[in-house]
Student: 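Dropping the structure in here first, questions after.
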There are 2 protein chains.
Amino acid sequence: MNFDVFKNRVSISKENMYREFFQENRNRIKIKKAPVAVKNLIKISEATLALSNKKGFSAMSMRDLSTEAGLSVGALYSYFSSKDELIEMIQQQSMRVATRVLVDQLTGIDDPHFKLKQAIYAHLYLSEIMHTWFYFSYMETKNLTKKVQKRAIELELFTEKIFTDIIEQGKQDRIFRDVNEELVAAMIKAILQDWYLKRWKYEMRNVSVEQYARFLIDLVELYLKP
Amino acid sequence: MNFDVFKNRVSISKENMYREFFQENRNRIKIKKAPVAVKNLIKISEATLALSNKKGFSAMSMRDLSTEAGLSVGALYSYFSSKDELIEMIQQQSMRVATRVLVDQLTGIDDPHFKLKQAIYAHLYLSEIMHTWFYFSYMETKNLTKKVQKRAIELELFTEKIFTDIIEQGKQDRIFRDVNEELVAAMIKAILQDWYLKRWKYEMRNVSVEQYARFLIDLVELYLKP
DNA sequence: GTCTATATCTGGATAGAC
DNA sequence: GTCTATCCAGATATAGAC
């Protein structure tokens with residue numbers, strides 16, 4: 001599966017993404033007109049992601065954010081009631097979309113070889129589309145409230161378990177050899193994450209996301225071959 | 001090579017580490033008596049690492065640090081002249097020790113198989129000993145000054161190149177097959193880093209550092225086998 | 001060398017005009 | 001719904017006693 005095919009399949013348009021963001025946080029957001037709210041949530045979130053990913057969320061001041069988003073500080077507080085709430089909303093939206101897309105892309109697939117491949121593609125392509133969100137989540141998780149931290153850890157383990165289960169299945173079907181599936185799954189996750197954590201490196205070397213996916217799939221298939 | 005053997009070989013005692021820290025920053029540090037300075041640098045650095053790794057360096061206030069280190073705020077400023085200088089000193093010390101140990105452990109080794117193994121052991125064991133430093137470096141790099149950020153990237157590329165070179169050598173000697181050594185080296189780095197970035201996970205599952213090293217070595221050797 | 005007290009400023013957050 | 005002006009808590013950093 002190449003990247004463009006995936007993009008069409010999941011159709012995570014900016015508008016859809018932020019419409020959902022708005023719907024999910026309707027109660028907290030003071031602005032009631034959807035078109036206005038969505039338009040500004042885009043500006044606010046993108047500014048937050050840009051500034052945080054550059055120098056860290058807690059180093060980003062509300063004045064910084066106000067300038068970058070093109071909204072006054074006062075207006076910002078119509079969309080969230082504290083910096084903590086803002087970081088939490090962004091984190092949650094990122095986790096919501098990620099979970100849904102991954103589950104969607106894999107339901108109905110049974111063959112472990114194929115499912116493994118699809119899982120790797122889905123993770124990588126998704127992280128490519130949502131790069132700033134994923135990077136933000138990874139780097140800022142430790143700054144979140146305990147409750148949200150816990151959910152982030154659950155997501156890490158949930159996505160890892162997708163791989164553990166596939167490998168387990170493949171072992172039972174005797175198409176994969178007997179390996180420590182937890183270590184293999186952890187290894188896959190680490191490599192998937194490196195793609196969005198060290199994007200500068202892969203960009204510098206002109207490694208495409210398809211090439212990276214291909215490499216990882218080959219590696220894992222080779223390791224699992226009986 | 002097991003972990004204990006490594007620990008003895010490199011002998012990074014806390015005292016040595018911080019004596020060097022003091023020597024390297026003599027000009028900036030107002031306190032002149034080595035024993036006093038070293039004792040307090042230990043307290044300051046360990047407190048900084050603990051607090052930063054928990055909630056981020058920029059979220060750590062000087063009052064927090066003062067409490068955790070058991071020194072007054074005024075006293076802290078005898079050891080550095082600003083928060084930025086503190087983060088920079090810590091980062092530099094971490095990079096200095098890491099570079100030296102890795103180079104030391106590998107000079108004189110020629111056989112690519114053996115060198116590859118040793119490089120993996122050295123990286124992992126070192127990150128185990130200096131866990132808090134490595135975690136700090138990874139997470140805080142983007143908050144450093146441009147100059148220090150550049151050096152951190154250089155170190156990433158330098159340590160990666162250790163692996164690229166080994167693989168290159170092995171390919172020439174026809175003991176490794178023809179692979180994209182940049183991708184393999186990047187993959188190794190990602191897995192090495194995951195060990196200290198997700199320690200909670202490996203601890204939870206009782207994975208020992210030796211076991212993790214063994215896994216990674218097997219994976220790479222299998223992938224490189226002609 | 002270390003402390004307490006304090007100067008100074010920046011940050012998050014809000015009130016109220018428009 | 002958005003802006004400007006402002007409050008004040010808490011931040012970094014320093015001065016000066018001990």
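Every chain is numbered from 1, with letters handed out A, B, ... down the list of sequences. Note that the structure is predicted; figures quoted are calculated from it, not measured.
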Student: Base, sugar-phosphate, or nothing for A:Tyr79, non-hydrogen atoms under 4.0 angstrom?
Tutor: sugar-phosphate
Student: Would you call the rings of A:Phe3 and A:Tyr125 parallel, tilted or perpendicular if under 30° counts as parallel and over 60° as perpendicular?
Tutor: tilted
Student: Return the value, rounded to whole Å, for the distance between atom CG of A:Leu76 and atom C1' of D:dT4.
Tutor: 14 Å
Student: A:Gly74 or B:Ser72: which one's nearest nucleotide on DNA chain C is closer to the 5' end?
Tutor: B:Ser72
Student: How long is the span from the CD1 atom in A:Ile166 to the NZ atom in A:Lys115, to the nearest 0.5 Å?
Tutor: 5.5 Å
Student: Decide, yes or no, whether a salt bridge links A:Lys150 with A:Glu154 under the criterion of side-chain N to carboxylate O below 4.0 Å.
Tutor: yes
Student: For the pair made of NZ in B:Lys83 and C1' in C:dG11, what is the distance, rounded to whole Å?
Tutor: 13 Å
Student: With sequence neighbours left out, write down each residue that passes ring-ring contact (aromatic ring centres under 6.0 Å, His included) with A:Trp133, or none if nothing qualifies.
Tutor: A:Tyr18
Student: Measure the distance from CG on B:Leu65 to C1' on C:dT2 and round it to the nearest whole Å.
Tutor: 15 Å
Student: Indicate, with a heavy-atom threshold strictly under 4.0 Å, whether A:Ser78 touches base, sugar-phosphate, or nothing.
Tutor: base
Student: Contact list please: residues 30-46 of chain A against DNA chain C, heavy atoms, distance less than 4.0 Å, in numerical order.
Tutor: none
Student: Figure out the CG/P separation between A:Asp64 and C:dA13, and round it to whole Å.
Tutor: 14 Å
Student: Between atom CG in B:Leu51 and atom P in D:dA11, what is the gap in whole Å?
Tutor: 12 Å
Student: Using the benzene-type ring in the case of Trp, are the ring centres of A:Phe134 and A:His123 under 6.0 Å apart?
Tutor: no
Student: Which nucleotide wins on minimum distance to the side chain of A:Ser82, given the candidates C:dA13, C:dC3, D:dA13?
Tutor: C:dA13
Student: Using distance only, find each side-chain donor-acceptor pair of residues 184-197 of chain A under 3.5 Å and give its atom names and separation, not counting sequence neighbours.
Tutor:
unit_1: A:Lys189; atom_1: NZ; unit_2: A:Thr159; atom_2: OG1; d: 2.7
unit_1: A:Gln193; atom_1: OE1; unit_2: B:Lys198; atom_2: NZ; d: 2.6
unit_1: A:Gln193; atom_1: NE2; unit_2: A:Glu156; atom_2: OE1; d: 3.0
unit_1: A:Asp194; atom_1: OD1; unit_2: A:Lys198; atom_2: NZ; d: 2.9
unit_1: A:Asp194; atom_1: OD2; unit_2: A:Tyr202; atom_2: OH; d: 2.7
unit_1: A:Trp195; atom_1: NE1; unit_2: A:Glu128; atom_2: OE1; d: 2.7

Student: Are A:Asp165 and A:Lys161 close enough for a salt bridge, meaning some N to O gap below 4.0 Å?
Tutor: yes
Student: Whole angstrom is fine here: how far is it from CZ in B:Phe57 over to P in D:dT12?
Tutor: 9 Å
Student: So, OP1 or OP2 of D:dG10: does either fall under 4.0 Å of a side-chain N or O from B:Arg63?
Tutor: no
Student: Return the value, rounded to whole Å, for the distance between atom CE of B:Met62 and atom C1' of C:dT10.
Tutor: 16 Å
Student: Nearest whole Å is fine: how far is C:dG12 P from A:Leu86 CG?
Tutor: 11 Å
Student: Whether B:Tyr77 contacts D:dA13 is assessed here as follows: a side-chain N or O lying under 4.0 Å from the phosphate OP1 or OP2. Is that the case?
Tutor: yes
